[in-house]
Amino acid sequence: MRKPAMDFSTGLLVLLFVIFALFTGAFVRHVLKGTQVPYTVALLLLGIIIGLLQRADVFQSHAQAFSESLVLIADIDSHLFLYLFLPTLIFESAFAMEVHLFRRMFTQIALLAVPGLMLAIWLTAELIFVITPESWQWSWAVCLMFGALISATDPVAVVALLKEVSSRKRLETLIEGESLLNDGTAIVFFSLFFTWVTATFSGADIGGITSPLHVTVEFIKVVLVGLIIGLVVGWLCILWIERVFNDPMIEISLTIAAAYSVFFIAENFHVSGVVAVVTLAIIFASIGRTRISPEVAGFLHHFWEMMAHMANTLIFLLVGILVAIRVPLDDAQAWQMLFVLYGGILLIRAFSIAVFMPALKRLGIGINLAKASVLCWGGLRGAVSLALALAVVSSDIIPKEIGDRVLFLCAGIVVLTIIVNGSTMGLLLKFLGLNSLPPAKQATVDKAQTKISAELHTMLPEMMTNEFLKGADWEAVKQKSQLKHVDEVRNTDKVSEQELDVAYKRRLLETERKHYWTQFEQGMLSKQATAKLVEAVEQALDGAPCIGPRTFIYGTWQLPAWLAPIRNYQWLNRLLLKLYFDKLALGYDIARGFIHAQEALESHVHALAPNQQVAQEVMNAVIENKKTTLEKIAALRDSFPEIIQALQSQAATRLLLNRERAVIAEQLKQAVLDKPEAQRLIMSVEDRMQALQKQTIFRTTQEQRLVNDIPWARRLCQQTRHQLSTLIEHNVYEAGQTICDANQPLNKIGIVSRGSIKEHWTVINDSEQRHICTSKGPGESIALLTLFTATSKTQCVSETPCDVMWVSCDKLKQLMQKDNQLTQVICKLMQDYST
């Protein structure tokens, strides 16, 4: 027997709405394919229609369960609305942003999201205070509260349209970044003004609440604490993920749990959950990008895109239904207020941007009038505003008539901005010329299209002779596949040579950056090397595009200057040596990855170039990049061959293990292996890959091994050699670094362990001054005269990266007193300085 619809539990009614919403979203998306109608606008309109039908009791008689689910959903709690949808939308939006662009544009974004929003809140409150009828009895506190909740922007439709029609990443980042931060700012100020309003109606003391100092301190506190919560949880998750190897279930589960937990923790401590989630997402998108397993990264991005799509589907359908069911529609004054307020907030938005326009032009990447117009018209209101209005309606302290009018005006503004502004944004972009790629960037796309067409045309003769294809109607094939002639693809727009040059180099740099991520995914590059190389390319993309020279690579071989004082502490020398070896390993990895990327660039240089002259210039820069980097690698190979050998062995092992995993996956696809068998084999491979990541090239027995390599020490007895090994201190030096200066205090002699050193000194015989310069290699001694003078008589400069073993003069003298053979060896070495 069929169960009556009225017996459906609350959970099942919610599930029914979710199923309906997802089916509806899929249908709407399918219908809108190929049209310019924004997905969210269509969903909102459909939601309003469904809500009006529910209001007219259409579903009550024909679909009672569905009707009950709509009533339940329309009565959603404001906190549930925020807690359920906001973490997903904010995390996905921040996680998908290009962090280097966000970082560069942060001053512009912060300017719009904090002082810009504060100005908009105040002006909106002023407007509300002036235009509201006296019968409404809206105090200044209520006006400020409404100004705060209605000022948060939600440009999801605008950003989606920009991505679809023009792919202007900088404008997208500016709009989306402002929305992320001003959501947090608006919620903070709403909370402060909401407390003021409830205190007013409850008769509580409002003296401290209304003071500007209290508002400022409270704002700083909630933002900073939210930031700290996001940082702490983000770092803990990154440390955890670093210890996980290619396990999407763990890594993706962690991101979901982290996004919701930071929002919950922050809101529980009455600080900004939005700021906490944004901070967390940026940590994952920057530092975490190389910590997340390469095999999981793509899946993770797709997963969050799907989460955001479902959240937006539910939100906009729910908003439409909620507005149509809950908003009172019979208040003529409210309707009049709504349209006046809609025009007012558009003007306020334009004014607040115009006020900061001089600063916006100079900060970050700058902004022009066309982009400012998109910012003004794209200031849509959405889910956050509506959730805050629901919080007002749900309050038992604020009078019901005030709550109803707040909800009506807020819902009306949300609907009008989404329907009017959202649906006409495409026309505005077209009018401003922002509905397509910039001409210079389009020229590089046309060049790529030319290359594609050329490839297809080379395929045609072979296809025409194919036994199974030669009877085809080739004219029809060309027409249906829209195969163009090579000349048809070229862009005829007039663009300045400088713009073409910049766009061309930017395209090459983006190709180079993608190649680094490909190397990382294939296991050819380490996490640290990938992060450094990508960061260097992004810096070049942010400024004037530079193909070469790449001076950043040379800095990767050097230890930071602040580590220099460590050389004076013997007990820290081992740490310094390990750091230096790790630095050399990282430098080698970076150099190798850089050379691979330069070789990959060579195939695109002429194909994408606007003219032959620029192509040759770039090709020369690429060749010089490779040459200089290979020279650095050669110098490292000469000085530290064991490091190169260890690194090359690691790289070869990584490549073999990656290939083994790929072969197993291929055999699984072909059913040569069953899934359980393949999983066991892959698990074995990944265990070995994980163990390889933990290996270090630093050898614990290095001191003893190097002592045995000193030529003059081999003639000593075993006891002396052992005592000598205990006296050794290690220091490492970069190429060109001064190791010691002439006539400077020094109480130790050096033995070159690895690398090459130039030693200069002056000899005076019969009033004749003679300058001597000699090159010292592994096993040779430097600064020997300090044994008698406690002062360096020579200047030593490293020619290559080198490792020097130092022996204290005082301790060496004590050892010489015990062993005459050591004394003879040292005296013989002294002859080098007198000849």
Side-chain angles (χ1 to χ4, degrees), residues 99-100 242 286-291 294 508-542 545-561 563 578-602 621-655 658 692-693 695-698 732-737 755 800-802:
V99 177
H100 75 284
E242 269 195 309
S286 54
I287 301 166
R289 189 167 179 186
T290 52
R291 274 34 174 212
L508 287 178
L509 287 169
E510 287 171 356
T511 303
E512 182 182 338
R513 177 175 58 178
K514 178 61 179 173
H515 197 269
Y516 293 136
W517 286 118
T518 302
Q519 289 186 64
F520 175 61
E521 289 164 8
Q522 294 173 349
M524 295 172 63
L525 267 183
S526 66
K527 297 174 182 180
Q528 295 85 352
T530 305
K532 291 282 185 184
L533 286 164
V534 168
E535 183 184 0
V537 174
E538 288 176 343
Q539 286 175 356
L541 282 168
D542 286 344
C546 173
I547 303 298
R550 299 294 182 82
T551 53
F552 83 95
I553 289 181
Y554 314 142
T556 60
W557 307 81
Q558 300 175 351
L559 283 171
L563 285 174
K578 184 181 185 306
L579 288 174
Y580 186 65
F581 272 35
D582 289 343
K583 195 79 171 172
L584 290 178
L586 177 61
Y588 175 77
D589 214 16
I590 287 173
R592 185 169 52 82
F594 179 65
I595 288 173
H596 282 313
Q598 297 302 296
E599 288 171 349
L601 273 190
E602 287 178 334
V622 169
I623 292 169
E624 187 61 30
N625 285 343
K626 289 170 60 181
K627 178 185 173 184
T628 308
T629 309
L630 285 169
E631 287 173 356
K632 291 284 182 182
I633 291 177
L636 179 61
R637 185 181 289 111
D638 292 340
S639 302
F640 298 94
E642 72 279 10
I643 290 182
I644 295 294
Q645 184 182 37
L647 290 170
Q648 289 178 345
S649 299
Q650 280 188 352
T653 310
R654 265 202 313 259
L655 288 172
N658 269 285
L692 186 67
Q693 284 185 351
Q695 287 182 8
T696 175
I697 62 165
F698 184 70
V732 286
Y733 303 90
E734 290 85 29
Q737 185 172 349
T800 65
C802 61

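The first residue in the sequence is number 1, and the count goes up from there. This structure is a prediction, so every number in the text was calculated from the model and none was measured.
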**OP:** Would you name the heavy atoms of Val537 and Leu509 that are closest together and state the gap between them?
**Re:** CG1-O, 3.2 Å
Subject >> Residues in side-chain contact (heavy atoms from CB on, under 4.5 Å) contact with Thr653, at least two apart in sequence or another chain >> reply: Leu657, Leu692
Subject >> Partners meeting salt bridge (Lys or Arg N to Asp or Glu O under 4.0 Å) with Glu242 (sequence neighbours left out) >> reply: Arg291
For residues 523-530, tabulate all N or O donor-acceptor pairs below 3.5 Å that involve a side-chain atom, not counting sequence neighbours.
{"from": "Ser526", "atom 1": "OG", "to": "Ala529", "atom 2": "N", "distance (Å)": "3.3"}
{"from": "Ser526", "atom 1": "OG", "to": "Asp589", "atom 2": "OD2", "distance (Å)": "2.8"}
{"from": "Thr530", "atom 1": "OG1", "to": "Ser526", "atom 2": "O", "distance (Å)": "2.7"}

Original post:
Looking at OH of Tyr516 and CZ of Arg513, how far apart are the two atoms once the value is rounded to the nearest 0.5 Å?
Top reply: 11.5 Å
Original post:
Which atoms form the tightest heavy-atom contact between Gln519 and Ala597, and what is the distance?
Top reply: NE2-N, 4.0 Å
**OP:** Identify, with sequence neighbours excluded, every residue that meets side-chain contact (heavy atoms from CB on, under 4.5 Å) alongside Ala531.
**Re:** Thr290
**OP:** Return the minimal non-hydrogen interatomic distance between Gln598 and Asn625, and the atom names on each side.
**Re:** OE1-ND2, 3.1 Å
Subject >> By side-chain hydrogen bond (donor to acceptor under 3.5 Å, both in side chains) - contacts of Glu602 (at least two apart) >> reply: Lys626
Original post:
By side-chain hydrogen bond (donor to acceptor under 3.5 Å, both in side chains), which residues pair with Glu599, not counting sequence neighbours?
Top reply: none
Original post:
Closest heavy-atom contact between Arg592 and Ile633?
Top reply: N-CD1, 4.4 Å
Subject >> Listed partners of Arg289 passing side-chain hydrogen bond (donor to acceptor under 3.5 Å, both in side chains), at least two apart >> reply: none
